Visitor: 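First the structure, which I've put down as structure tokens, then a few questions once you've had a look.
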Amino acid sequence: MEETNNYSLLYRLARRLFRLKIEDARIVLAAKLTKFLCAFIYVYIGFMLSLCLLGFIAVAIGHQLCEIMSPVWAYLIIAAFYLVLIAVILLVKKYIIVNPIARFISRLIVEPPKNDSHA
């Protein structure tokens, strides 16, 4: 009779622990997903504003260059600048795009080891 009660108590405690672990995992997932989405939106807004800024700067430079050369050549120079910029980004994409994203995701998913000062 006593063994049955012990097993029943052990079963209830294990079940409660399992439910608490699931609830903890849900909370951690929600927090990490929130951080990820906030970072994504922040980068997206920054990217879009940067594109607008580059567009206005390109038009301003194009108008200034039109005063000293043919408009066709002025805008071709700006297009060549953008081509060079794209080539540079493609050459160093691992260092300026892939590695920072990988670091951010790994820091978000993998918990750093906790230093136990008991030892």
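On a predicted model such as this, the values are computed, not experimentally measured, just so you know.
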Visitor: Indicate the atoms forming the closest heavy-atom contact of Tyr82 with Gly55, along with that distance.
Guide: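 What the structure gives for the nearest pair is OH-N, 4.3 Å.
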Visitor: Can Leu85 and Ile89 be said to form a side-chain contact (heavy atoms from CB on, under 4.5 Å), step by step?
Guide: CA-CA 6 Å; Leu85 188 63; Ile89 289 173; 4.3 Å; yes
Visitor: Ignoring hydrogens and angles, tell me if any N or O in the side chain of Lys32 forms a donor-acceptor pair with the backbone of Ile109 under 3.5 Å.
Guide: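 Flag set: sc Lys32 to bb Ile109 pair under 3.5 Å.
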Visitor: Honestly curious: do Phe104 and Leu37 fall in one hydrophobic cluster under the side-chain, below-4.5 Å linking rule?
Guide: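 Cluster IDs for Phe104 and Leu37 match.
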Visitor: Decide whether Ile57 and Leu76 are clustered together by the hydrophobic rule: side chain heavy atoms of Ile, Leu, Val, Met, Phe, Trp, Tyr closer than 4.5 Å, transitively.
Guide: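 Yes; Leu76 is reachable from Ile57 via cluster members.
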Visitor: Looking at every heavy atom in both Gly62 and Ala74, which two are closest together, and how far apart are they?
Guide: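 Where Gly62 meets Ala74 most closely, the heavy atoms are O-CB, 4.0 Å.
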Visitor: Tell me the closest heavy-atom pair linking Ile61 and Ile78, and the distance in Å.
Guide: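 Smallest heavy-atom distance, with atoms named: C-CD1, 4.1 Å.
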Visitor: Considering non-hydrogen atoms only, spot the tightest contact between Pro100 and Tyr95 and give its length.
Guide: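 Smallest interatomic distance, heavy atoms only, reads CD-O, 3.5 Å.
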Visitor: Among the clusters formed by ILVMFWY side chains lying less than 4.5 Å apart, do Val88 and Leu51 turn up in the same one?
Guide: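 No, no single cluster joins them.
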Visitor: Do you know the tightest heavy-atom contact between Ile105 and Phe36?
Guide: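 In this case the closest contact between Ile105 and Phe36 is CD1-CE1, 3.6 Å.
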Visitor: Out of curiosity, does Val59 fall in the hydrophobic cluster containing Leu65 (side-chain heavy atoms, cut-off under 4.5 Å, transitive links)?
Guide: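 Cluster IDs for Leu65 and Val59 differ.
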Visitor: Could you state whether Met69 and Tyr75 fall into the same hydrophobic cluster, counting links through intermediate Ile, Leu, Val, Met, Phe, Trp or Tyr residues with side-chain heavy atoms under 4.5 angstrom apart?
Guide: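 Met69 and Tyr75: one cluster.
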Visitor: Got Ile45 and Ile41 here, is their nearest side-chain heavy-atom distance under 4.5 Å?
Guide: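 Answer yes - side chains close enough.
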Visitor: Looking at CG of Leu91 and CD1 of Ile86, how far apart are the two atoms once the value is rounded to the nearest 0.5 Å?
Guide: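 Answer for the CG-CD1 pair, Leu91 versus Ile86, is 12.0 Å.
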Visitor: So how far is it from Leu17 CG to Leu10 CG, rounded to the nearest 0.5 Å?
Guide: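 These two atoms lie 10.5 Å from each other.
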Visitor: Applying side chain to side chain contact (heavy atoms under 4.5 Å, CB included) between Ile101 and each of Val98, Asn99, Ile97, report the one that passes.
Guide: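 Exactly one option meets the side chain to side chain contact (heavy atoms under 4.5 Å, CB included) with Ile101, and it is Ile97.
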Visitor: Rounded to the nearest 0.5 Å, what separates atom CZ in Arg15 from atom CZ in Arg19?
Guide: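 Arg15 atom CZ to Arg19 atom CZ measures 4.0 Å (nearest 0.5 Å).
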